[in-house]
Every structure is written in C-alpha cells, then in structure tokens.
2 protein chains.
Amino acid sequence: MPRTTQTDVAVLAVLSTGPLSGYAVREIIRDDLGLFWSESFGQIYPSLARLQKEGLVETVPGERRGSSLFRLTGAGRERIVELLREPVTTVPPRNGLLLRLAFGNLLGARACAELVSEARTKATAQLEELERIRRQVEAEPDEPQRAYALMTISAGEHAARAAVAWADETLAALESL
Amino acid sequence: MPRTTQTDVAVLAVLSTGPLSGYAVREIIRDDLGLFWSESFGQIYPSLARLQKEGLVETVPGERRGSSLFRLTGAGRERIVELLREPVTTVPPRNGLLLRLAFGNLLGARACAELVSEARTKATAQLEELERIRRQVEAEPDEPQRAYALMTISAGEHAARAAVAWADETLAALESL
DNA sequence: CGACCCATGTAATACGTTACATGATTTC
DNA sequence: GAAATCATGTAACGTATTACATGGGTCG
C-alpha cells in the first residue's frame with residue numbers, strides 16, 4: 001500500500017472540475033474514473049473533512065436547502081498540481097487468476113481453461129463497454145479534457161485486447177495438455 | 001479489499017511444492033511469483049502460524065540445527081485445492097498514471113508525456129526481463145509445471161507489449177496537443 | 001572476526017471496505 | 001404518500017506494510 005493516501009489526490013482532482021457534494025464526488029469517481037480508480041464512502045467523507053481542515057477545500061451553499069458543496073480553495077488548486085506531480089505509486093500486484101494458473105497442476109487443465117475463458121469473456125465485455133464510452137466521449141465538444149479522456153479509454157482498450165489475445169493463446173495451450 | 005485473506009492461498013500453494021521455511025516461502029513469492037503476486041513478512045509468518053493451528057501445515061526438522069520447515073498436511077493438500085477453486089477476487093483498480101492523465105489539463109501535456117514515457121521505459125524493461133525468464137524456463141525439463149509457468153509469463157508479455165503500444169500512441173497524441 | 005545472509009517474529013501504523021444509522025428531497 | 005434517490009457520516013472489521021528486535025550460520 002502507498003505511504004500516503006491517494007484518496008486526497010483523487011478527491012481534489014475531481015473537485016477541480018467544480019464544486020460538488022461528497023455524494024457527487026463518489027459518483028464521478030465511480031462512473032467516470034471507475035475503469036482505473038475507486039474510492040468508497042468510508043474514504044471520501046473523512047478525506048473531505050481532512051481537506052477542509054487543511055484549508056484546501058471550503059463549503060459553499062448548494063441548491064438544496066441546507067445542503068452544501070465542497071469547492072477547491074486557491075491553496076487546494078495549488079496543492080492538487082503538487083500532488084499530481086509526485087511520483088506515481090503502484091500497488092503491489094495481486095493477480096488471482098495468474099496465481100491459480102501458476103499452480104495449475106493442482107487445479108487441473110480443465111478448471112484452468114474455465115478460469116481463462118471467464119477472463120476472456122470479461123475482457124471482451126469490457127472492450128465493448130469501452131467502445132461505447134469512446135463513441136460517447138468523441139461526440140462531446142473538443143475541449144482539452146476530451147483528448148485526455150480518450151487516452152485513458154485507449155489504455156483500457158489496449159489492455160483488454162491484450163487480455164483477449166493472451167486468453168486465446170492460453171486456451172490453445174491448455175487444450176494440448 | 002477481499003473478504004478473506006489471499007495470503008493463506010499463496011502460502012499453501014507455495015508449500016505444495018515441498019517443505020520450506022517461512023523465509024524461503026517469501027523468497028519464492030518474491031522471485032518466482034513477484035510479477036503477479038506479493039506478500040510481506042508481516043503477512044507470511046502470522047499466516048503460517050494460523051495455518052499450523054488449523055492443522056493445514058506442520059513443522060518438520062530442517063537441515064540446520066534447530067531450524068524447522070513447514071510442510072503441508074493431508075488436510076492442507078485438500079484445502080489448497082478448495083481455495084484455488086474459489087472465485088478469483090480482484091482488487092479495486094488504482095492506476096495512478098491514468099488518474100494523472102485523466103486530469104492532464106491540470107498537469108500539462110509536457111509533464112504527461114514524461115509520465116507516459118516513463119511507463120514506456122518500464123514496460124520495455126519488463127519485456128526484456130520476461131524474455132530472459134522465458135528462455136530460462138524453456139530450458140527446464142518439460143514437466144507439467146513448465147507449461148503453466150509459461151502461461152503466466154506470456155500474460156506479462158502481452159500486457160507489457162500492450163503498454164508499449166499504448167504509450168507510443170499516447171505520446172503522439174500528446175505531441176499534437 | 002566482520003559482513004552478509006538465513007531465519008523468526010511483533011508492534012505500530014496505515015489503508016480500505018462494508019454495514020449501519022439517519023434523514024431530506026424528488027418523483028411517480 | 002411510497003419508493004427511489006440524494007446526502008452525510010461513523011463504527012467495526014479486515015488487510016497489509018514497515019520498522020524494529022533478535023540471533024544463528026557461513027564465508028571471505
């Protein structure tokens with residue numbers, strides 16, 4: 001696990017697009033960043049409280065009576081750039097499929113083939129989903145944002161296509177065992 | 001995070017190849033499974049103690065005076081197959097590079113290109129490393145084990161090649177921004 | 001005989017999810 | 001006015017890393 005929580009980075013980054021409720025922050029993370037990022041409520045709310053105490057976000061009255069939105073302060077706007085500049089921390093790998101395959105002799109070729117086949121199905125489904133999202137994003141106006149969104153989509157597409165190719169190759173290998 | 005610790009699965013699986021010290025278990029996980037799995041000492045030793053209490057592993061005297069090795073019991077041998085049969089749990093995604101790219105307008109095209117370039121370098125290095133390991137494994141006798149090891153290596157190769165292709169495409173896109 | 005590796009373990013701390021508790025607002 | 005959604009937060013629990021503490025064996 002990373003030394004410093006990345007939650008603050010994600011929350012600040014999302015808030016850089018405009019004032020939002022904690023609930024809305026979570027929705028954006030889930031719906032727009034969900035393919036490569038995730039946060040739970042249990043992380044987001046404490047993070048917002050922390051960031052407010054540090055003066056990086058402030059609350060402004062929302063549309064709903066009594067509701068308030070979180071907005072980046074000037075300090076917050078500086079901080080998020082600082083944070084994004086910090087080196088990318090990677091989580092230690094934990095690939096359950098490859099662990100099972102590495103000990104495939106315990107599981108048997110048949111069961112392994114099922115697992116790989118499942119992975120292939122998931123990858124093709126993801127590929128379709130990504131193509132759908134791509135069309136949607138490409139329909140948006142050509143703001144600088146769009147180009148960056150397309151890069152993250154493309155990363156998913158490359159990974160998914162690689163997964164499918166690997167699965168096909170691996171299924172063939174398992175067949176001839 | 002997964003509901004039940006996957007550490008026990010990995011430890012039992014490694015011990016299925018023969019009796020080992022806790023230290024040796026960690027070495028195998030790091031050196032042989034490191035490309036897709038990781039465990040720290042702080043997980044391995046408590047796991048071994050737990051597994052021993054459950055009667056899934058037992059200790060046998062090792063070669064060194066006073067040292068003892070952990071060995072799977074019959075129950076342990078059954079259990080590991082059960083555990084491997086359980087559905088693969090996936091960790092929620094946390095891709096720091098894609099998070100930065102998604103908010104690339106905050107970071108700027110130049111800094112983004114540096115990050116992507118770094119990722120490309122890492123991927124090519126990994127590709128070379130994997131080819132080295134592949135040659136090494138291919139030199140081993142053709143036991144059933146070998147075929148499974150090659151599948152995990154191939155997964156890494158596909159992923160690394162995809163990463164390189166994506167990086168090239170993305171660098172070009174950033175150039176024309 | 002000093003450095004390094006083998007070996008075991010614990011404590012402090014951090015990270016993260018899930019479930020629970022609560023209530024307002026909107027929509028049908 | 002019932003159901004769904006918006007909204008906020010906490011508590012319990014589980015998972016995992018890192019640093020620390022300790023000592024035996026090996027090799028130069």
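Throughout, protein chains are lettered first and strands after them, A, B, ... in sequence-line order, and every chain is numbered starting at 1. Just so you know, these numbers come straight off a predicted model, no measurement behind them.
Taking atom CZ on Arg50(A) and atom C1' on dG16(C), their separation rounds to 12 Å, with Å as the unit. Protein atom CZ of Arg26(B) is 11 Å distant from nucleotide atom C1' of dA7(C), rounded to whole Å. For Asp8(B) and dA16(D), the CG to C1' distance is 13 Å, given to the nearest whole Å. Protein atom CZ of Arg94(B) is 14 Å distant from nucleotide atom P of dA16(D), rounded to whole Å. Distance, Glu39(B) CD to dT17(D) P: 7 Å, rounded to whole Å.
In this structure, the side chain to side chain donor-acceptor pair (under 3.5 Å) partners of Ser47(B), at least two apart in sequence or on a different chain, are Asp8(B). With sequence neighbours excluded, the residues satisfying side chain to side chain donor-acceptor pair (under 3.5 Å) with Asp168(B) are Arg120(B). Among residues two or more places apart in sequence or in another chain, the salt bridge (Lys or Arg N to Asp or Glu O under 4.0 Å) test is passed with Asp31(B) by none. Every side chain to side chain donor-acceptor pair (under 3.5 Å) that Arg71(B) has, sequence neighbours left out, goes to Glu58(B). With sequence neighbours excluded, the residues that form a side chain to side chain contact (heavy atoms under 4.5 Å, CB included) with Ala123(A) are Ala163(A), Val164(A). For the side chain to side chain donor-acceptor pair (under 3.5 Å) test, residues two or more places apart in sequence or in another chain that qualify with Arg132(B) are Glu129(B), Gln136(B). Partners of Glu169(A) under the salt bridge (Lys or Arg N to Asp or Glu O under 4.0 Å) rule, at least two apart in sequence or in another chain, do not exist in this structure. By the side chain to side chain contact (heavy atoms under 4.5 Å, CB included) test, Ala173(A) is found to be paired with Met151(B), residues two or more places apart in sequence or in another chain being considered.
Inter-residue side-chain proximity for Leu12(A) and Arg77(A) is flagged as unmet; no heavy-atom pair is nearer than 4.5 Å. Under the 4.5 Å side-chain criterion, counting only non-hydrogen atoms from C-beta, Phe70(B) is not in contact with Val25(B).
Side-chain atoms of Arg146(B) come within 3.5 Å of backbone N or O of Glu138(B) as a donor-acceptor pair. With Arg100(A) contributing its side chain and Leu84(B) its backbone, the two residues share a donor-acceptor pair below 3.5 Å.
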What nitrogen or oxygen pairs link the protein and nucleotides 8-10 of chain C at under 3.5 Å?
unit_1	atom_1	unit_2	atom_2	d
dT8(C)	OP2	Gly22(B)	N	2.9
dT8(C)	OP2	Tyr23(B)	N	3.0
dT8(C)	OP2	Tyr45(B)	OH	3.3

Could you list the protein-to-nucleotides 20-22 of chain C atom pairs, N/O on both sides, closer than 3.5 Å?
none

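Summary for the helix from dC1(C)-dG28(D) to dC28(C)-dG1(D): the axes at its two ends, each from 5 pairs, differ by 30° when rounded to the nearest 10 degrees.
At dG14(D), none of the side-chain N or O atoms of Thr5(B) fall inside 4.0 Å of OP1 or OP2 (strictly under the cut-off). In this structure, Thr7(B) does not reach the dT15(D) phosphate: none of its side-chain N or O atoms is under 4.0 Å from OP1 or OP2.
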**Message:** If you apply the rule salt bridge (charged side-chain N to carboxylate O under 4.0 Å, His left out), what do you find for Glu140(B) with Arg135(B), and how did you get there?
**Reply:** CA-CA 9 Å; Glu140(B) 289 172 13; Arg135(B) 277 193 298 275; over 6 Å; no
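Contact check of residues 27-38 of chain A against DNA chain C (heavy atom, cut-off under 4.0 Å) returns no residues at all.
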